[in-house]
**Q** 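One structure is given below, represented as structure tokens, and several questions about it will come after.
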There are 2 protein chains.
Amino acid sequence: MAAQRVEAPDPEAFVEAAKAAFRDGAVLSVQARCEVEYEGRTNGYLDEGDRLLVAKPDGTFLVHQPTGHKPVNWMPGGGTVEARESEGDAVLLARRTNPSERVETRLHEVYGVTRFDAEDGATYEESGTEAEMHEYIEANPEELEAGLRIVEHERETKYGFVDFYAVDDDGTPVVVEVKRIQATLNHFDQLKRYVELYAESNDEVRGMLVAPSASERVKRALRDNDLDFVELAEFGLDAKGATEAKLTDF
Amino acid sequence: MAAQRVEAPDPEAFVEAAKAAFRDGAVLSVQARCEVEYEGRTNGYLDEGDRLLVAKPDGTFLVHQPTGHKPVNWMPGGGTVEARESEGDAVLLARRTNPSERVETRLHEVYGVTRFDAEDGATYEESGTEAEMHEYIEANPEELEAGLRIVEHERETKYGFVDFYAVDDDGTPVVVEVKRIQATLNHFDQLKRYVELYAESNDEVRGMLVAPSASERVKRALRDNDLDFVELAEFGLDAKGATEAKLTDF
DNA sequence: CCATTTATATCGCCC
DNA sequence: GGGCGATGTAAATGG
């Protein structure tokens, strides 16, 4: 069977089950009352409570409270997870280096532990990303402005990368920055930096921020700096072959 | 008992267990072979494989593959999770609005399902954040530069917030931007934006970026724009009362 | 390995 | 609720 469960193990039985799971590369899920301590980029402490703990064979460790999308504490893959008994409690310790961090979980009561010998060869397929937006713009520059020609994609500059370097109908160079989501002031900053850099060699250069939307504050910042905003909400997702619905409608 | 398990339920038994868990506000963990579809800000599809599914009473839904820190698919809290039977399979559907998104998981084989009636009243306590760095600087401005006086914290400007507005020994205004981590080009952008804005009313204004470190590229950008970099690695974490180690050393 | 950029970013704050 | 900035951001990508 792919999943095996031990109900309410004592610390010794828990540590034995956890060690066996780590050795065999299984995914471990634990329901327990525990306290958690984090030391690393910051320091943190979580007092006793009921949580779901998950340890994966790649070193991933997650502590989930009963609410919230993000784990309250975690360790990304690449480190190690160990199970030990200490002062009568089972303890799970997840560690890594670079940066040096550790999450230590003291389990005061283990309600149950599940070992899952999971096999998963599938990879996630996604469409609608910023990379696809770039492809769309490269193929359809006239959607941004009549007569616009793309000269270069991902052009490197002294201070960073420009999404597109283009030329308008009059032959004036145009620096284009593309965002898949609503434009922020940081995006405005980025574009301004590239334009000012290019202006050192050609002060006729124009700057263009392309995004599905932008706040008034961002639009004002662009206007005040003679930069263009182009609203591009749809970029032919269907045409790019968005994954067809594979599951029956609910 | 806080955790209850059903081994290898058929679709009907699974849906019944899931509905009971959702009704009672329990955390549900499922080991299953399943396929997953996401529709929302992008579209995605994940073919059949073994995964750990977690549904929380606040509407959080997670799909975890056997490796990796982040769930391959998820829904944040605030939405709803439903369990249904469809074409002989159990199906979990997580939905929300604003933005309108859905994760649909078709369970081809359920290895087991655990219901966890978790009680957790604790909140995570953290120290070493950027907010604490601000407090430290406000109390110790001389660490940045001899004679520096903080005039205002989080000063609002037309284009955004300045971390500190200060005055140096000569009475020249100084705009200070603080980062807890290594400074990036975006942080340089931010500072430059504030300084240029302030320069409209007083062109003597100075700009200062405070961070534990910065890449050469960032330092060069700062130099080229007559902005200062102040390296501030330690900011009295201990003095601010970092949480004492609560757990025995491992 | 370092630096940069993206993300279904999420989260929290304040208007 | 929108706008804006921080995050133990993590992860991918390129040098």
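Values below: every heavy atom of this structure, side chains too, minus hydrogens, waters and symmetry copies. Letters A, B, ... are given to chains in the order of the sequence lines, protein chains preceding strands, and every chain is numbered from 1.
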**Q** For B/R96 and D/dG1, what is the distance between atoms CZ and C1' respectively, to the nearest whole Å?
**A**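 Interatomic distance, CZ of B/R96 to C1' of D/dG1: 14 Å.
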**Q** Just to confirm, is there a sub-4.0 Å distance from OP1 or OP2 of D/dC4 to any side-chain nitrogen or oxygen of A/S215?
**A**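 True: A/S215 side-chain N/O within range (under 4.0 Å) of D/dC4 OP1/OP2.
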**Q** Check whether any side-chain N or O of A/R180 sits under 4.0 Å from OP1 or OP2 of C/dT6, and answer yes or no.
**A**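 So the side-chain polar atoms of A/R180 never come under 4.0 Å of the phosphate oxygens OP1 or OP2 of C/dT6.
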**Q** Would you tell me if any nitrogen or oxygen in the side chain of B/K179 comes within less than 4.0 Å of OP1 or OP2 on D/dA6?
**A**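 Yes, such a contact exists.
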**Q** Provide, to the nearest angstrom, the distance between the CD atom belonging to B/E132 and the C1' atom belonging to D/dG8.
**A**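 Going from B/E132 (CD) to D/dG8 (C1'), I get 13 Å.
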**Q** Write out the stems for DNA chain C, ordered by first number and formatted as range with range, counting runs of at least 3 consecutive Watson-Crick or G-U wobble pairs under 3.5 Å.
**A**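 So the stems come out as C:1-7 with D:9-15, C:9-15 with D:1-7.
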**Q** Please tell me if A/R102 has a side-chain N or O lying less than 4.0 Å from either OP1 or OP2 of D/dG8.
**A**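 Result: no.
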**Q** In this structure, how many angstroms lie between the P atom of C/dA9 and the CG atom of B/N73, rounded?
**A**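 Rounded to the whole Å, the gap is 13 Å.
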**Q** By nearest atom, which of the nucleotides D/dG8, C/dT4, C/dC2 is closest to the A/N98 side chain?
**A**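 Selected nucleotide: C/dC2.
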**Q** Starting from C1' on D/dG8, measure out to CD on B/E130 and report it in whole angstrom.
**A**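 Whole-Å distance recorded here is 13 Å.
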**Q** Tell me whether the OP1 or OP2 atom of D/dG8 has a side-chain N or O from A/Y45 closer than 4.0 Å.
**A**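 Negative; the distance criterion is not met.
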**Q** Take A/Q190 and B/N186, measure what side-chain contact (heavy atoms from CB on, under 4.5 Å) needs, and give me the verdict at the end.
**A** CA-CA 7 Å; A/Q190 244 179 61; B/N186 273 354; 3.7 Å; yes
**Q** Rounded to whole Å, how long is the line connecting atom CD1 of B/I181 with atom C1' of D/dT9?
**A**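 Interatomic distance, CD1 of B/I181 to C1' of D/dT9: 8 Å.
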**Q** Between A/H153 and A/Y165, is a ring pair (Phe, Tyr, Trp, His ring centres under 6.0 Å) present by the stated rule, with each step listed?
**A** CA-CA 6 Å; A/H153 183 210; A/Y165 170 69; over 10 Å; no
**Q** Mind listing the N/O atom pairs, protein and nucleotides 12-15 of chain C, below 3.5 Å?
**A**
none

**Q** Between B/W74 and C/dA9, is there a side-chain N or O to OP1/OP2 distance below 4.0 Å?
**A**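 For C/dA9, OP1/OP2 do not have a side-chain N/O of B/W74 under 4.0 Å.
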**Q** Is a side-chain donor-acceptor pair under 3.5 Å present for B/Y45 with A/Y124?
**A**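 No, no side-chain donor-acceptor contact under 3.5 Å.
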**Q** Looking for any heavy atom pair under 4.0 Å, which part of the strands does B/N186 touch: base, sugar-phosphate only, or nothing?
**A**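 No contact.
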**Q** Rounding to an integer number of Å, can you tell me how far B/H69 NE2 sits from D/dT7 C1'?
**A**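 Distance check: B/H69 NE2 to D/dT7 C1' gives 11 Å.
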**Q** If you check the B/R217 side chain, which of C/dT4, C/dC11, D/dG8 turns out closest?
**A**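 Nearest listed nucleotide: C/dT4.
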**Q** Between B/F61 and A/H69, is the ring centroid distance below 6.0 Å?
**A**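 Not close enough - the centres of the two rings lie 6.0 Å or further apart.
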**Q** Has A/R220 got a side-chain N or O lying under 4.0 Å from the OP1 or OP2 atom of D/dG3?
**A**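 So the side chain of A/R220 is outside the cut-off, no N or O lying under 4.0 Å from OP1 or OP2 of D/dG3.
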**Q** Scan A/T184 against the nucleic acid and name what it touches under 4.0 Å (heavy atoms): base, sugar-phosphate only, or nothing.
**A**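 The residue A/T184 makes no contact with any strand.
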**Q** Base, sugar-phosphate, or nothing for B/Q182, non-hydrogen atoms under 4.0 angstrom?
**A**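 Sugar-phosphate, backbone atoms only, no base.
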**Q** Go through the side-chain N and O atoms of B/S86 and B/R106 and say whether any donor and acceptor fall under 3.5 Å apart.
**A**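 There is such a pair between these side chains.
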**Q** When the distance from CD of B/E126 to P of D/dT7 is rounded to whole Å, what number comes out?
**A**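 For the pair B/E126 CD and D/dT7 P, the rounded distance is 8 Å.
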